[in-house]
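Worksheet for the structure shown next.
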2 protein chains.
Amino acid sequence: MAAQQTCYCPVDDLLDLLAKEYTLAIIGLLADGGTKRHSEIADALSVNSSSAFADRLSALTEAGLLERTSYDEVPPHVEYSLTTRGREFERRLRPLLQWVTQETG
Amino acid sequence: MAAQQTCYCPVDDLLDLLAKEYTLAIIGLLADGGTKRHSEIADALSVNSSSAFADRLSALTEAGLLERTSYDEVPPHVEYSLTTRGREFERRLRPLLQWVTQETG
DNA sequence: CGGGATCCTAATTGATACTG
DNA sequence: CAGTATCAATTAGGATCCCG
């Protein structure tokens, strides 16, 4: 299994990530191209495991799907949004999810 | 989270399944519409955990993506192929996977 | 041959507490 | 506020044995 230069992470890794809690919800929440704070996202998702949630945010960022912007302020202020890659990914994911939930096929 | 009549399994369940070992490989192996025996698939996938592998086959069957055909013979003979639903699913999955591996976007 | 049952180990999650 | 650290509880995976 050779790593490809053109790919941020292998298929299986990305699927693992997708299947974990919060991941899909985070992508869905930012799908409109908007930017949201850590706490906004956590709030909207009724997160109850802050460590798992933080894991997802950083994993998605490392995968190149999320962009993380932190402002040097007190208190801290960090925002997340989908990257171009993230939006492209979401676009390709959507038909699959719609089919699974609606069985429109 | 209400179950929908039209859907064999909720999104999260299917994603969980997809992220587990062998699942994606099984779907990929049968993507051409062919039919293969349990042992053929296991062989092609270099399976080393027969229990996990059997779990995937039955989970995919329960999800309505695989069709299981067993012949009343000794020794037993069981074949698997993608259902119509399974092929439709694979079709919608493919662009996503291709993008992830090739970054053609 | 196909696969269920069991036992054990490794990885994830959930919850709580803590820090810059 | 945005995480990190920690630990108990779940869950997945690997190996083995056995049955129809």
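Below, read A as the first sequence line, B as the second, and so on, with proteins coming before strands; counting in each chain starts at 1. Note that the structure is a prediction, hence the values are computed from the model and not measured.
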Over all strands shown, is A:Glu21 touching base, sugar-phosphate only, or nothing at heavy-atom distances under 4.0 angstrom?
sugar-phosphate
To the nearest angstrom, the CG-C1' distance between B:Leu18 and D:dA12 comes to 16 Å
When A:Ser58 and A:Pro75 are each assigned the nearest nucleotide of DNA chain D, the 5'-most assignment goes to A:Pro75
Rounded to whole Å, the CG-P distance (A:Asp12 to D:dG13) equals 12 Å
**Prompt:** Do side-chain atoms of B:Thr83 reach the backbone of B:Leu65 as a donor and acceptor pair under 3.5 angstrom?
**Reply:** yes
Closest of D:dA2, C:dG2, C:dT13 to the A:Lys20 side chain is C:dT13
Per atom distances to the B:Ala52 side chain, the nearest of C:dC1, C:dG14, D:dG13 is D:dG13
When rounded to whole Å, the CZ to C1' distance for the pair A:Phe53 and D:dT4 reads 15 Å
Q. What does B:Tyr71 touch in the nucleic acid at a heavy-atom separation under 4.0 angstrom: a base, only the sugar-phosphate, or nothing?
A. nothing
Taking side chain as C-beta onward, heavy atoms only, is A:Ile26 less than 4.5 Å from A:Leu66? yes
- prompt: Hey, is the side chain of A:Ser39 poking within less than 4.0 Å of OP1 or OP2 on D:dA2, counting only N and O atoms?
  reply: yes
Output for pair (A:Trp99 CH2, B:Leu93 CG), nearest 0.5 Å, gives 10.0 Å
In whole angstroms, the gap separating P of D:dT4 from CG of A:Leu57 amounts to 10 Å
Per atom distances to the A:Ser50 side chain, the nearest of D:dG14, C:dA17, C:dG2 is C:dA17
Here the distance between atom C1' of C:dT12 and atom CG of B:Asp16, to the nearest Å, is 12 Å
*Looking only at side-chain N and O atoms, does A:Arg56 come under 4.0 Å of OP1 or OP2 in C:dT13?*
yes
Quiz item: Looking at side-chain heavy atoms only, is the closest gap between A:Leu29 and A:Tyr80 below 4.5 Å?
Solution: no
For C:dG2 and B:His77 - does any side-chain N or O of the residue sit under 4.0 Å from the phosphate oxygens OP1/OP2? no
ask   = Taking 4.0 angstrom as the limit, do A:Glu88 and A:Arg91 come out as a salt bridge?
value = yes
Taken to the nearest whole Å, NE2/B:His38 to P/C:dG2 is 6 Å
B:Glu73 atom CD is separated from C:dC1 atom P, nearest whole Å, by 13 Å
To the nearest angstrom, the CD-P distance between B:Glu62 and C:dG4 comes to 10 Å
Please list, one pair per line, the donor and acceptor atoms closer than 3.5 Å that link side chains of residues 32-44 of chain B to other protein atoms, with sequence neighbours excluded.
from: B:Asp32; atom 1: OD1; to: B:Gly34; atom 2: N; distance (Å): 2.8
from: B:Arg37; atom 1: NH2; to: B:Pro76; atom 2: O; distance (Å): 3.4
from: B:Glu40; atom 1: OE1; to: B:Arg37; atom 2: N; distance (Å): 2.7

Side-chain contact check for B:Ser51: nearest option of D:dA15, D:dT6, D:dG3 is D:dA15
Report task. Verify the contact: side-chain N or O of A:Tyr22 to OP1 or OP2 of C:dT12, cut-off strictly under 4.0 Å; return yes or no. Result -> no
Comparing nearest nucleotides in DNA chain C, the 5'-proximal residue of the pair B:Arg37, B:Asp55 is B:Arg37
Ranking C:dA15, D:dG3, D:dA15 by distance to the side chain of A:Ser49, first place goes to C:dA15
